[in-house]
Amino acid sequence: MAMRKHIRQIIKGMPTRDGAGVELVRVIGQPALGMLDPFLLLDTFRSHDPKDYIAGFPSHPHRGFETVTYLLNGRMRHKDNAGHEGVIEAGGIQWMTAGKGIIHSEMPEQENGLLEGFQLWVNLPADHKMDPPRYQEFSAEHIPVEERPGSLIRVITGTTSQGTQGPVAQPLTHPLYLDITLESEQSFTEPVPLENNSFVYGIEGMTHIFKDPQNHQSVTKDQLALLSEGDELHVTAGHSGSRFLLISGKPLNEPVVRGGPFVMNSQAEVRQAIEDYQSGRF
Ligand code: FE2
């Protein structure tokens, strides 16, 4: 018998700025939700106004975790110190394992129009924090879309109950990253690994999350619903349909010490990262 997840807490993001002055909303990694192991940070950005995003994220380092960029609208160019360069376009994913260190820039590849998307930071376990950097990048046409009656499921990573497998693989945290669109009042039921921490993030419309037929709570646009324990999610869209992300990952249960763009297990490792970066060892 499946144990259905319910909403433990609704989190609203906190408007902030990062990079060279990009307006964004921090949903994980802020006072209301410091982290959700293995997720260290979730930023969302959505603006039609180039003033909010044009400055981008000039050259900066990362060590010890992964940055995951998913764009809904617009284009971002990234470039790193190892000569890797490309453009992420609408519907595309970049899963970057920073590992022992990367220095890169992330800049809007547009001068006007809507830029909308997410950046998620996924932690790496202690014995993989110093792995060589690598990328898993897929444009929209390489992300499978599973069709069910009244619903479309874009599978970025993980495997659905119907066998659709996302192109990104990360056995260390076993993530599930689904972008789900439901038509008016349609339902969606999916198993989620019991040991994972999981959340739903509302993109459009209203999504009702059912614990049982008499008991539901709702998550709406720009809210994160922190999910309870359980091994199944059952949701129904409101009248106008809904779109949301379902993200889940296996907790690492290790000490987390942050030093800005470096996330390690101890202060000494963060100091080492700063020293390595400053002396050009990235
Ligand atoms: Fe970055």
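In each ligand, atom 1 is the first atom listed, and ligand 1 is the first ligand listed.
Among residues two or more places apart in sequence or in another chain, the side chain to side chain contact (heavy atoms under 4.5 Å, CB included) test is passed with Leu120 by Phe39, Leu42, Val68, Val122, Tyr177, Phe199, Ile247.
Summarising the local packing, CZ of Arg281 is surrounded by more than 12 heavy atoms from other residues, nucleotides or ligands at distances under 6.0 Å. Taking a 6.0 Å sphere around NZ of Lys79, one finds it holds 12 or fewer heavy atoms contributed by other residues, nucleotides or ligands.
Applying side-chain hydrogen bond (donor to acceptor under 3.5 Å, both in side chains) to Ser242 and the options Thr220, Thr207, Thr236 leaves one that passes, Thr207.
The side chain to side chain donor-acceptor pair (under 3.5 Å) analysis of residues 253-263, with sequence neighbours excluded, yields the pairs Glu254-Asn265. Screening residues 90-125 for ring pair (Phe, Tyr, Trp, His ring centres under 6.0 Å) gives His60-His104, His62-His104, His62-Trp121, Phe65-Trp121, Phe118-Tyr201 as the qualifying pairs, with residues at least two apart or on separate chains.
Listed by chain and number, the protein N, O or S atoms at a distance under 2.8 Å from the Fe ion (ligand 1) are His60 NE2, His62 NE2, His104 NE2, Glu106 OE1.
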